[in-house]
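Start at 1 with the first residue, then count along the sequence.
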Amino acid sequence: MFKKNKHGIQIKTTEQLDKMRAAGLVVGRTLDLLKRSVEPGMTPLDLDAIAEKAIRDEGAIPSFKGYQGFPATICASVNDEVVHGIPTDARALREGDVISIDCGAILDGWHGDSAVTVPVGEVDAKLTELMRITEEAMWRGIAALTVGRHLSDIGYEVERYVKSQGRFGIPPEYGGHGIGTEMHMDPWIANHGRPGKGPVLEAGMCLAIEPMVNLGTERTRVLADDWTVVTIDGKQSAHFEHSVAVTHNGPWVLTALDGGEERLAQS
């Protein structure tokens with residue numbers, strides 16, 4: 001049995017959080033390897049093979065493979081692909097591309113989920129800035145995961161930061177989620193909204209915070225493969241994500257190798 005609060009949100013014990021951390025570290029180490037592996041000439045399918053081997057070598061299982069029919073270990077979204085891109089070998093990565101890599105793993109029945117956007121070689125300065133803004137927006141959202149604040153404070157902090165940086169699109173249909181014994185659990189977490197709304201954050205909640213930010217419009221569409229989400233205007237997108245536990249000592253970033261200490265100390 002797993003404890004849930006009155007909103008149906010899973011509340012983890014200290015022991016269960018330790019298991020979530022172990023799963024999160026598998027994901028964190030895999031993404032660290034993938035970031036170092038990205039280079040021009042590789043294909044998304046090459047990266048998928050690296051990810052699957054890394055996860056299985058740690059005794060874990062890829063979360064995404066087979067999930068609702070998804071065929072791969074990672075989501076690999078290139079340039080105007082926002083999320084859920086299916087890795088293929090149809091096109092090699094080129095200098096100047098950006099690729100968002102979303103990765104999940106199951107260890108001892110617990111899930112970790114994280115994403116990064118990586119430049120392929122040298123990229124345009126506007127893309128470097130897009131990635132910086134998206135990652136910083138994620139950390140602003142993570143910093144809101146303190147006991148007593150409200151769920152909507154997360155999206156409020158994400159949106160407030162992105163809007164302070166210029167005209168960017170935040171796709172309203174996509175956001176974060178609860179995580180634990182399943183990859184996607186209640187609650188859904190918008191990347192926008194007003195503060196002070198929704199459930200109060202409690203110690204033991206685990207949430208995946210994942211802003212997606214487009215260089216142009218917020219509008220998107222899904223390709224014929226029923227998975228890949230792309231921007232309507234063809235402009236690039238970035239995506240960052242961490243799985244985070246709410247604790248009485250503040251947010252514990254389960255998928256960050258240092259637990260989020262360095263970045264959270266700056267907030």
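For Thr255, the side-chain hydrogen bond (donor to acceptor under 3.5 Å, both in side chains) partners two or more places apart in sequence, or in a different chain, are His242. Looking at residues two or more places apart in sequence or on another chain, you find a ring pair (Phe, Tyr, Trp, His ring centres under 6.0 Å) between His177 and His184. Residues that satisfy the side-chain hydrogen bond (donor to acceptor under 3.5 Å, both in side chains) test with Arg219, not counting sequence neighbours, are absent from this structure.
Annotation: the span from Ser100 atom OG to Glu81 atom CD amounts to 9.0 Å, rounded to 0.5 Å.
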- prompt: Does the side-chain contact (heavy atoms from CB on, under 4.5 Å) test come out yes or no for Asp124 and Gln236, once each step is laid out?
  reply: CA-CA 11 Å; Asp124 191 284; Gln236 295 92 334; over 6 Å; no
- request: Evaluate side-chain contact (heavy atoms from CB on, under 4.5 Å) for Met205 paired with Leu151, printing each intermediate quantity in order.
  value: CA-CA 11 Å; Met205 288 182 176; Leu151 188 71; over 6 Å; no
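Looking only at side-chain heavy atoms (C-beta outward), Gln266 and Trp139 stay at 4.5 Å or farther from each other.
Paired with Asp102 under the rule side-chain contact (heavy atoms from CB on, under 4.5 Å), one option of Thr117, Ile74, Asp113 passes, and it is Asp113.
A salt bridge links Glu136 with Arg140; the closest basic N to acidic carboxylate O contact falls under 4.0 Å.
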When the side chains of residues 162-172 are checked against the rest of the protein, which donor-acceptor pairs come out under 3.5 Å, sequence neighbours left out?
residue : atom : partner : partner atom : Å
Lys163  : NZ   : Glu159  : OE2          : 3.3
Ser164  : OG   : Tyr161  : O            : 2.6
Gln165  : OE1  : Arg132  : NH2          : 2.9

Quiz: residues 194-204 side-chain donor-acceptor pairs under 3.5 angstrom, not counting sequence neighbours:
residue : atom : partner : partner atom : Å
Glu202  : OE2  : Asn5    : ND2          : 2.8

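Here the closest heavy-atom approach between residue Thr247 and residue Val147 is recorded as O-CG2, 3.7 Å.
Hydrophobic side-chain contacts under 4.5 Å tie Leu107 into a cluster, directly or through other members, with Val26, Ile55.
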